Amino acid sequence: MDTNILVDIRERDPLWQDWSLGAVADARLAGPVAASVVTIGELGSRQGSLEELLAFTAALGMGTTPLSAEAAHRAGAAQRAYRVAGGKREKLLADFLIGAAAEVAGAALLTRDPHPYRTYFPELTLITPETENG
């Protein structure tokens with residue numbers, strides 16, 4: 001689960017809240033849904049205690065998934081490819097950690113921002129507004 005989906009719901013985004021809620025509900029019908037601990041970290045940077053964030057995700061029927069060493073390594077490789085391609089950000093990007101965690105788990109990723117995932121994780125299945133609208 002990409003952080004933008006949970007931000008849409010938590011902050012009641014007028015444009016995206018309904019789509020994001022519906023996408024989470026649809027994903028739950030297909031199987032277990034989880035947020036990476038990286039997503040929890042990004043949410044925590046906005047506000048809220050750990051307990052509040054875990055209660056929020058639990059209310060949506062989600063668990064959390066840890067970050068494996070394999071996923072962290074895969075994220076580092078994506079970061080390296082990004083830098084070789086001219087990317088300017090120095091720090092390891094959360095998107096790479098989220099994408100790598102989903103890829104290593106063999107899970108689909110729910111996101112509204114597919115570009116970095118398509119570029120650096122081309123085998124990753126994405127659920128986006130555009131995939132649902134044709």
Side-chain angles (χ1 to χ4, degrees):
M1 173 87 44
D2 200 359
T3 309
N4 57 35
I5 302 300
L6 295 178
V7 169
D8 292 347
I9 297 167
R10 192 163 182 251
E11 298 181 6
R12 295 182 173 96
D13 184 280
L15 182 61
W16 289 106
Q17 180 185 22
D18 289 344
W19 184 86
S20 292
L21 276 169
V24 169
D26 290 347
R28 286 187 58 217
L29 291 174
V33 177
S36 162
V37 294
V38 176
T39 300
I40 298 299
E42 284 194 311
L43 284 175
S45 74
R46 298 176 81 86
Q47 69 179 20
S49 69
L50 176 59
E51 293 76 18
E52 290 168 334
L53 297 175
L54 293 177
F56 167 68
T57 55
L60 293 171
M62 298 180 180
T64 57
T65 58
L67 184 67
S68 69
E70 181 181 2
H73 183 266
R74 177 67 184 92
Q79 173 73 18
R80 185 173 52 254
Y82 165 81
R83 297 286 293 150
V84 167
K88 302 297 182 199
R89 290 185 62 182
E90 295 289 333
K91 295 182 181 178
L92 188 65
L93 301 174
D95 287 347
F96 292 149
L97 291 165
I98 292 167
E103 180 183 74
V104 167
L109 180 68
L110 181 56
T111 183
R112 285 191 295 98
D113 184 19
H115 177 72
Y117 303 112
R118 282 201 183 112
T119 302
Y120 296 99
F121 303 96
E123 302 300 315
L124 182 59
T125 299
L126 300 176
I127 302 168
T128 68
E130 64 191 26
T131 59
E132 289 193 350
N133 294 324

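In this text, all values refer to a predicted model and were calculated from it rather than measured experimentally.
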Donor-acceptor check, side chain of [X] to backbone of [Y], threshold 3.5 angstrom: yes or no?
X	Y	value
R118	P122	no
Y82	A77	no
S20	Q17	no
S45	E42	yes
T64	I40	no

Minimum heavy-atom separation for [X] to [Y], with atom names?
X	Y	value
L110	A23	CD1-CB, 3.5 Å
A100	A75	CB-N, 3.6 Å
L124	G99	CD2-O, 3.9 Å
V37	L67	CG2-N, 3.9 Å
E130	P114	OE2-CG, 4.0 Å

Does any part of the side chain of [Y], heavy atoms only, come nearer than 4.5 Å to the side chain of [X], both counted from C-beta?
X	Y	answer
L21	L60	yes
W16	I5	no
D2	R112	no
D95	Y120	no
V7	D13	no

To the nearest 0.5 Å, how far apart are [atom1] in [X] and [atom2] in [Y]?
X	Y	atom1	atom2	answer
L43	Q47	CG	CD	10.0 Å
I98	L109	CD1	CG	7.5 Å
H115	L126	NE2	CG	12.0 Å

Once side-chain contact (heavy atoms from CB on, under 4.5 Å) is applied, do any residues pair with V104, and if so which ones, sequence neighbours excluded?
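Per chain and number, V104 pairs via side-chain contact (heavy atoms from CB on, under 4.5 Å) with S68, E70, A71.
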Identify the residue among E52, M62, R10 that makes a side chain to side chain contact (heavy atoms under 4.5 Å, CB included) with T57.
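In the set E52, M62, R10, the residue that makes a side chain to side chain contact (heavy atoms under 4.5 Å, CB included) with T57 is M62.
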Going by ring-ring contact (aromatic ring centres under 6.0 Å, His included), name the residues that satisfy it together with Y117, two or more places apart in sequence or in a different chain.
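Scan of Y117 (ring-ring contact (aromatic ring centres under 6.0 Å, His included), adjacent residues dropped) gives none.
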Single-linkage hydrophobic cluster, 4.5 Å side-chain cutoff, V33 and L29 together
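Cluster IDs for V33 and L29 differ.
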